[in-house]
Amino acid sequence: MQEQYRPDQIEKAVQSEWEARAAHRVTEDASKPKYYCLSMLPYPSGKLHMGHVRNYSIGDALSRYLAMNGHNVLQPMGWDAFGLPAENAAMKNNLPPAKWTYDNIAHMKGQLKALGFALDWSREVTTCKPDYYRWNQWLFLRMWEKGIVYRKSAVVNWDPVDQTVLANEQVIDGRGWRTGATVEKREIPMYYMKITSYADELIAQLEKLGWPEPVKLMQKNWIGKSDGAEIHFPYEDGSGVLKVFSTRPDTIYGASFVAVAPEHVLAQKAAQNNSALQAFIEECKKGGVTEAELATQEKKGMDTGLFVTHPLTQQQLPVLIANYVLIGYGEGAVMGVPAHDERDFHFAKKYNLPILPVVAHAGKTYSTDTWQDWYSDEGVAINSHDFDGKPTAEFKKKIGVVLAALNLGGPRITYRLRDWGISRQRYWGTPIPMIHCESCGDVPVPDDQLPVVLPENLVPDGSGNPLAKTVSFFQCDCPKCGKPARRETDTMDTFVDSSWYFMRYCSPDAKTMVDERAEYWMPIDQYIGGIEHAILHLLYARFWTKVMRDLKLVSFDEPFTNLLTQGMVLNHIFFRKSEKAGITYFPPEEVQIHRDDNGRITGATGSDGQPIEYGGFGTMSKSKLNGVDPQAIVDQYGADTARLFVMFASPPDQSVEWSDAGVEGAFRFLRRLWKIVHDHVSAGVVARYTGGELSAELKTLRNQLHRTIDKVGDDYGRRKQFNTAIAAVMELLNNFTKLSDTSQSARAVAQELLETVTVILSPIVPHICTTLWSELRPGTTLADQQWPKVDSAALQQDEIELVIQVNGKLRGSLTVPAKATREDVEELARNNEAVIRHVGDTPIKKVVVVPGRLVNIVV
RNA sequence: GCCGGGAUGGCGGAAUCGGUAGACGCAGCGGACUCAAAAUCCGCCGGUGGAAACACUGUGAGAGUUCGAGUCUCUCUCCCGGCACCA
């Protein structure tokens, strides 16, 4: 056996051996329990980043662990290959996005192979290829037929200079990122998917999922089911009704105004002959469309001069236009109840509208001076005519019925969740398979004309969608009437691609969207990915799965049985700020770091000798220049070190802070492991310990060994916490190397211990473990090994140590026989020297004995 | 603004169901080996007082529940993720 640990040599050798026998290829096998372990597919941005390494190291460790426990494990990989960055790169390089994307895929695939993940590459899916996205189009058409897809207008960010729609990401401080022009809101037609009709099921089935509770809660809140009422306010001229939705219809008698969105028909009507209103509506158009922006902007309004009639009191209420009312939510109008809604309260104060309390709260006095949080709590109705004295909940139920009887509304459930707008005015995406005909309207592309192929040779220029300028793409004949027509040039949201890729892995060559192989592998037993996907991606994929189920394409309800949301990978941020250039970032490896006496970073110096500010830890990103290239780590230390570091640095669901020294430490541990095995093997391999008398020292070591097997298995399988599993193995090896016994039995125990360690560490560092195993057991391979069994005899302990507390403070310890009774323990504790010293003559009130843990004497 | 999460030594983190706070690793300090360095090995390592035994104190801040709180409850501060066209 070679004395030096040479990852560059062993990793290549081990990987070619895997490749030669297609070790990670899997097929459907009814004789074994299946385990579908999926990591979120990467966007091919150019290089892998540490977040990918982390994500796939976790997935690989779980996959390998489950395989050792007798499961038929599928771990596939693919590429989320459509999207905005490819278009940006295309503009920059003046090359089509396709080339950039395929080059990146080739490079990143090489990186994934070098990291040694047990991926079945025969199932690779690339979402920008027609054999994948044709099924996006095919399902879209099925949804159109079922009425799940429909068309309506939507508000988007509009850059008036480039005449183009901007992504939220492209709006910086209310301005277009390339032009600097103030962004406007603009309405355009879009295709929508009716995710809201699945809202109830999407909430209800969260319950059966093995997901982190916070993620389930976030989804539930996102869907945001609210039980309330629709209320109709007839127009003063009797020409129609203004519909509003309220979750607090019990406050109806407190309504002193109604507010409509600037895009609402009433607002438009009022502005017709009113230039001030027109100016206000124009002003409301300024700025972007994100909820964060709308929620933090100043609440502004303007009176329209129009009135509507209160449905119960017949009072005339003024109609205002308000910038905080969203046209896309509910009816685009709200009733203003200043006394019990914080936003309405401040609005009423600002515009001098009446504030009438209609809910009383026991023991509290209402004052219209300042807002108090309890104003919006439930209570008992007052100032509400026949309903006075009714508790909120009862009133809420009753009022819906009353309104329905008057034909002025009724009970209604709404959701915060909005239908999924999938149209994008972009080139690099799945073409939407629709044709617009002057006589026939929106006509679906017939199935036999699928896929609508995206031309791969266009280069976008930043002003609008190149597809809309490509005559050969959009010019077509109407499939219905045969007259000249125009093909839809919008493409689909890339969330469509990631909503079902995991099903395509099951049968990547199928001539249909999915086949019976999906029934074998799905649903996914373990899904792993970034916490940033906790809502949108996961929700869309769940919705898409339910649609496929309703179309009888699959038989399961939910795609992801268990979910692990991994934290981000962070690194130091260094920057300079200047008036002229704004913020300039510096890569951490290029600055001289300053530390205070405690080792804390205080700042840095650049290569020019000028000071640089320290910005703490932040996510690794291209813009902040603080990314660490995994390739550099692999080249210098090997894949096993890179994997060990990311797994050891913190638990999977927390963020990892990058540390060069930590990588060094991971490498040192592997080198040490190599040396320990080398020294053992050099003295000759022996048969592993199977039984017989052992010294107390060896018994203790075996006890620790078997406790470690148990713990590591539990950490991998149940807790999915790898850092503590690695720590436990480190501890075991620390104690092992303290052993100086060279007897026959000690060598047998050493053999058992080292064989076991190579097996239980192999899910995390498979290359070194595969190599070490071959040295420890020549002629056999690690690949054939099962997860080691815990020897229950080794777990038996004759004595245990208890802690003694007096009044909850640690005062000593006690070694007692494992079989000692509660009374024995208490007696021993009472007579303990430290206890006598601390208790003295004070009478003992109580003795708490926690078996196997501690004794607490309370005085 | 709203929803969710987090805060523990110089640093990353451990403490799994309310029961010994700081496992394991990094950095640092001391020593061995070496002509020397690197590597490796051994030891120390929250703070204060103490020669030591030991005592007190300590898990973002403030209160509370409990024999016992890093862990549970309430209030607050700061940081991170998401907010529907980044993926």
Side-chain angles (χ1 to χ4, degrees), chain A residues 40 42-43 45 80 83-85 154 156-157 165-171 212-215 217-218 220-222 224 289-297 328 343 416-418 420-426 493-495 498 530-537 539-540 565 567-568 570 595-601 616-619 645 648-651 653-666 668-669 671-672 675 711 714-715 718-719 721 723-724 726-731 734 737 801-810 813 845-848 850 853-854 856-859:
Chain A
M40 288 181 187
Y43 177 79
S45 57
D80 187 15
L84 200 54
V156 294
N157 303 305
V165 176
L166 296 178
N168 287 332
E169 188 191 51
Q170 299 172 315
V171 179
E213 287 304 323
V215 175
L217 187 57
M218 277 193 267
K220 187 169 178 259
N221 291 341
W222 183 263
V289 297
T290 67
E291 194 185 295
E293 195 176 335
L294 295 170
T296 48
Q297 74 186 354
R343 204 170 47 185
R416 206 188 76 93
L417 179 69
R418 309 200 289 264
W420 178 14
I422 59 137
S423 297
R424 299 290 179 270
Q425 298 67 46
R426 299 246 166 69
D493 180 2
T494 54
F495 276 126
S498 54
I531 179 71
E532 67 275 19
H533 296 291
I535 295 177
L536 292 178
H537 160 58
L539 194 62
Y540 292 142
T565 49
M568 320 277 282
L570 315 176
R595 292 172 191 272
D596 65 13
D597 292 344
N598 286 330
R600 255 176 256 177
I601 298 178
F617 274 103
T619 45
F645 170 73
F648 183 58
S650 77
D653 55 347
Q654 280 180 36
S655 52
V656 167
E657 294 179 9
W658 186 258
S659 152
D660 292 324
V663 175
E664 188 76 41
R668 211 147 46 207
F669 171 73
R671 197 163 52 191
R672 189 161 161 252
K675 189 172 177 296
K711 179 182 172 49
D714 187 50
D715 277 351
R718 180 181 63 89
R719 299 178 70 205
Q721 187 155 314
N723 55 332
T724 47
I726 296 164
V729 175
M730 286 174 168
E731 253 182 291
N734 286 347
T737 52
E801 191 168 290
L802 293 183
V803 158
I804 305 179
Q805 297 180 335
V806 176
N807 284 342
K809 274 189 203 248
L810 177 67
S813 67
K845 264 198 216 159
K846 184 175 171 183
V847 178
V848 181
V850 183
R853 284 264 181 198
L854 58 71
N856 187 16
I857 293 166
V858 187
V859 297

Measure from the side-chain heavy atoms of A:Asp80 and tell me the nearest of B:A87, B:A14, B:C24. B:A87
What distance separates A:Arg671 CZ from A:Glu664 CD, expressed to the nearest 0.5 Å? 7.0 Å
Atom pair distance, as rounded to whole Å: CG in A:Asn723 and C1' in B:A15: 12 Å
With rounding to whole Å, what would you report as the distance between B:C54 and B:U59 at their C1' atoms? 24 Å
With both distances under 3.5 angstrom, what nucleotide forms a Watson-Crick or G-U wobble pair with B:G1? B:C83
Starting the side chain at C-beta, find the nucleotide from B:C26, B:U20, B:G25 nearest to A:Met730. B:G25
Just the rounded figure in Å: distance from C1' of B:G5 to CG of A:Leu217. 11 Å
Taking CD from A:Gln805 and P from B:C67, how many angstroms apart are they, rounded to a whole number? 14 Å
Under 4.0 Å between a side-chain nitrogen and a carboxylate oxygen: does that hold for A:Lys711 and A:Glu731? no
Name the closest nucleotide to the A:Arg671 side chain, picking from B:U16, B:G13, B:U40. B:U40
Residue closer to the 5' end of RNA chain B, A:Lys675 versus A:Gly83 (nearest nucleotide): A:Lys675
Ignoring backbone atoms, establish whether A:Gln721 has a side-chain N or O less than 4.0 Å from OP1 or OP2 of B:A14. yes
Could you check whether atom CZ of A:Arg853 has more than 12 heavy atoms from other residues, nucleotides or ligands sitting under 6.0 Å from it? no
Atom CZ of A:Arg719 to atom C1' of B:A23: distance rounded to whole Å? 12 Å
Can you tell me the distance, in whole Å, between the CD atom of A:Gln297 and the P atom of B:C2? 15 Å
Without hydrogens or angle criteria, can the side chains of A:Thr724 and A:Asp715 be said to hold a donor-acceptor pair below 3.5 Å? yes
In this structure, how many angstroms lie between the P atom of B:C2 and the CD atom of A:Glu293, rounded? 17 Å
What does B:G50 pair with, Watson-Crick or G-U, if both distances are under 3.5 Å? none
Would you mind reporting whether A:Leu802 and A:Val850 have side-chain heavy atoms less than 4.5 Å apart? no
Taking the nucleotide of RNA chain B with the nearest heavy atom to each, does A:Ser655 or A:Ala727 sit closer to the 5' end? A:Ser655
Is A:Arg668 close enough to B:A38 that one of its side-chain N or O atoms is under 4.0 Å from OP1 or OP2 there? no
Please confirm whether any donor atom in the side chain of A:Asn856 sits under 3.5 Å from an acceptor in the base of B:C67, or the reverse. yes
Using 30° and 60° as the class boundaries, would you call the ring planes of A:His537 and A:Phe495 parallel, tilted or perpendicular? parallel
With distance as the sole criterion, do the side chain of A:Lys809 and the base of B:U57 form a donor-acceptor contact below 3.5 Å? no
Less than 3.5 Å between a donor and an acceptor, one on the side chain of A:Arg672 and one on the base of B:U40, is that the case here? no
Tell me which nucleotide, if any, is Watson-Crick or G-U wobble paired with B:G62 when both distances must be under 3.5 Å. B:C74
Applying a 3.5 Å limit to both distances, which nucleotide forms a Watson-Crick or G-U wobble pair with B:G18? none
dist A:Asn807:CG -> A:Lys846:NZ (nearest 0.5 Å) comes out at 11.5 Å
Length of the line joining A:Ile726:CD1 and B:C26:P, which is rounded to integer Å: 13 Å
Distance check needed: B:A14 C1' versus A:Asp715 CG, whole Å only. 11 Å
Once each nucleotide of nucleotides 71-85 of chain B is scored for protein heavy atoms under 4.0 Å, what B/S/- sequence comes out, 5' to 3'? ----------BSBBB
